[in-house]
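In what follows, every chain begins at residue 1, and chains take the letters A, B, ... in the order their sequences are listed.
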Amino acid sequence: MSATATHAGGHAAVADAEPLVLGDPSYTKVTADIAAPLERRAGIGWWIAFLLSATALGIGVVCAWITIATGIGTWGINRTVGWGFAITNFVFWVGIGHAGTLISAILLLLRQRWRTSIARAAEAMTIFAVICAGLFPIMHMGRPWYAYWFMPYPNTRGSLWQNFRSPLLWDMFAISTYFTVSLLFWYVGLIPDFGTMRDRARGLKKKIYGWLSLGWNGSARTWQRYEKASLMLASLATPLVVSVHTVVSFDFATSVIPGWHTTIFPPYFVAGAVFSGFAMVITLLTITRKVMGLEAYITDRHLELMSKVLLLTGMIVGFAYTTELFIAWYSGNPYEQFTFMNRAFGPYAWAYWLMFSCNVFVPQIFWFKRFRRSVPVLFVASLLVNVGMWFERFNIVVTSLHRDYLPSSWSMYAPSLIEVGIFIGSFGLFFTAYLLFTRVAPVVAFHEVKHTLAQQREDAHHE
Amino acid sequence: MRTMSSRIHTLAFDDPEVTLEAVKRLRAEGFSVVDVHSPFPVHGLEDALGWRETRLPWATFAGGALGVTVGLSLALYVHTVSWPLNIGGKTNTAIPGIVPVVFELGVLLAAFGTVIALLALGRLWPRLRPERGPGQPTPRVTDDRFVVLVAERDASFSPARFRALAEELRPTEVVEAWEVK
């Protein structure tokens, strides 16, 4: 029996009740629909969004310049809460990135067909989010022009080396590997689609897409290797995505600060990352599909499936919060107990309960199908989840540091204007990059959607 | 195959399953199908063409093994030979502390190995146009066409039988004869 038939047979039990591509378009129509937004001029909405993001980016650039020119003192770090905003933002942005890898790698390994329409945009989001994340540790060093000192390279300083046992160096290796592998995965996925764009474009565009598509010609031998390579990259990215946020959580967990030194951190961070990342994918895609008219490809069903992931990961995160509280009490360690009492009822209680409500209570509305399918509800909920996840990191960083073992070093923390400016700038960078991406590369992967469409037809045929 | 001088006939289809059936028929009738160009991978084609599975995963493995070796030897060299530091009284050869770095290097080089192998084997590099001739029968293969390439290798190829079969397979397009060096 041919592989195709077995494939279809294997899926018969879980045959898709609802199509993943609406309207059963022809393959040419798929190409035309997805390429259309790239081939016409940018609309007024795009320009407004672009100007807003570019302004935010500009604010960030000015603030970063002030930081670098004046010194890290502009971040108001002359107290015990050392890097309140920088580390909060760093962990937040790394987390955002994780949904992209989850969708493109883990769902690929699990043979989840619904990933195909959203994987491209999610991977792009990963790359831009990791860039935003990387800026914070680089700038928080104070002298970012020495950032290359992170790298182990033959130097003239005698036998002076990096400490491979330092969480900071783990971070450097984890984040840069994550960025590079995500970029490779993304680009490899784009090669066939750039080939399609090349064959549609004219003039200079044809040349540019021609170079980018590396002479792609859709040969079966190349497709065979291509599919294997995607599978290999997915199998590499899956442990990678888990390791990256685990390493980020080690930054905290290997220290001895109450509230940080806990064994639950790695899984808790990974779940939180997936949670916040999916929220950001929903935020971006609800807008993207509307603006670019891609409702037939990014369907309500896709949104519903993503909201189910939000519900699940939201509950994992909620479970982690309560486990933390339980373990703090059960440990019998007065410092640990104090930290958690302080989080819930101290001066930053508002931040704790904001986090708790946004992350644990808000996703509960997704038990109802009506809300899972309502774009406005999803959009607002995804924004709230991201607010909540940002505050989760804020809670971890700030409330653990502002009242530590020594009451003499207790203080309150509020970000300086410069810190806020850089935070706004990171959003500016993220959205500017995403908007530019929507203008140069197909937001939905042509070849994957066509493949899904073919399988969908085959399933319909076999039923 | 680009090795011998032969002619290539192409049959274009607009459906992956029909293409797959056509390939099976052609091979059953003794024609030599050298390649198929398609807008997306057609599953089952390797089997129908009698191709072996790609050995690309070996490149992944080689890259990963290299990464782990480099990571382990670099970190151990630094911490035992070049610059031993007393960190919490732990032995210099303690492995757990260097696991993150070794793991990340392994993944990084495995990914590089995979992508380099993919590009090298598929002859993909920045260039304006894909290879002409059997490489690019029609630009529509990146849109909605599935093109089957049949090589006219030797005297046993019968144009009459081929034409008859081609008619039976009902392709959307038939392009006859391409001289290949």
About how many Å separate [atom2] of [Y] and [atom1] of [X], when rounded to the nearest 0.5 Å?
| X | Y | atom1 | atom2 | value |
| --- | --- | --- | --- | --- |
| B:Leu85 | A:Trp161 | CG | CH2 | 13.5 Å |
| B:Leu121 | A:Lys228 | CG | NZ | 13.5 Å |
| A:Thr222 | B:Asp35 | OG1 | CG | 7.0 Å |
| B:Leu45 | A:Gln224 | CG | CD | 8.5 Å |
| A:Ser230 | B:Leu118 | OG | CG | 8.0 Å |

For A:Val440, all residues meeting side-chain contact (heavy atoms from CB on, under 4.5 Å), sequence neighbours excluded: none

Counterpart residues, salt bridge (Lys or Arg N to Asp or Glu O under 4.0 Å), relative to B:Arg25 (two or more places apart): B:Glu29, B:Glu168

For [X], which atoms come within 4.5 Å of any heavy atom of chain A: side chain, backbone, both, or neither?
| X | value |
| --- | --- |
| B:Tyr77 | side chain |
| B:Val115 | side chain |
| B:Ser82 | both |

Residue selection (most heavy-atom pairs with chain A, distance under 4.5 Å) from B:Ala117, B:Gly64, B:Pro39: B:Pro39

Most contacts with chain A, counted as non-hydrogen pairs under 4.5 angstrom, among B:Leu49, B:Thr60, B:Val78: B:Val78

Has the side chain of [X] got a donor or acceptor atom that lies under 3.5 Å from a matching backbone atom of [Y]?
| X | Y | answer |
| --- | --- | --- |
| A:Arg225 | B:Leu56 | no |
| B:His79 | A:Phe164 | yes |
| A:Trp223 | B:Ser38 | yes |
| A:Asn217 | B:His37 | no |

Toward chain B, the part of [X] with a non-hydrogen atom under 4.5 Å:
| X | result |
| --- | --- |
| A:Glu227 | side chain |
| A:Ile191 | side chain |
| A:Pro239 | both |
| A:Gln162 | backbone |
| A:Asn163 | both |

Option in A:Leu231, A:Leu214, A:Thr254 with maximal non-hydrogen atom pairs under 4.5 Å from chain B: A:Leu214

Heavy-atom closest pair, residues B:Ala111 and A:Leu236: N-CD1, 3.5 Å

Taking every non-hydrogen atom, the tightest pair across B:Val107 and A:Thr177: CG1-CG2, 4.3 Å

Atom CH2 of B:Trp58 with >12 non-hydrogen neighbours under 6.0 angstrom: no

Residues that A:Thr31 engages under side-chain hydrogen bond (donor to acceptor under 3.5 Å, both in side chains), provided they are two or more places apart: A:Lys450, B:Asp143

Residues from residues 89-100 of chain B approaching chain A under 4.5 Å (heavy atoms): B:Thr91, B:Asn92, B:Thr93, B:Ala94, B:Gly97, B:Ile98, B:Pro100

Check against side chain to side chain contact (heavy atoms under 4.5 Å, CB included), B:Leu108 and A:Tyr178: CA-CA 8 Å; B:Leu108 182 69; A:Tyr178 185 45; over 6 Å; no

Steps toward side chain to side chain contact (heavy atoms under 4.5 Å, CB included) verdict (B:Asp14, A:Tyr27): CA-CA 9 Å; B:Asp14 56 7; A:Tyr27 297 128; over 6 Å; no

Side-chain heavy-atom pair B:Phe103, A:Ser243 within 4.5 angstrom cut-off: yes

Any B:Leu105 side-chain heavy atom under 4.5 Å of A:Phe173 side chain: yes

Check: A:His447 ring centroid to B:Phe40 ring centroid under 6.0 Å: no

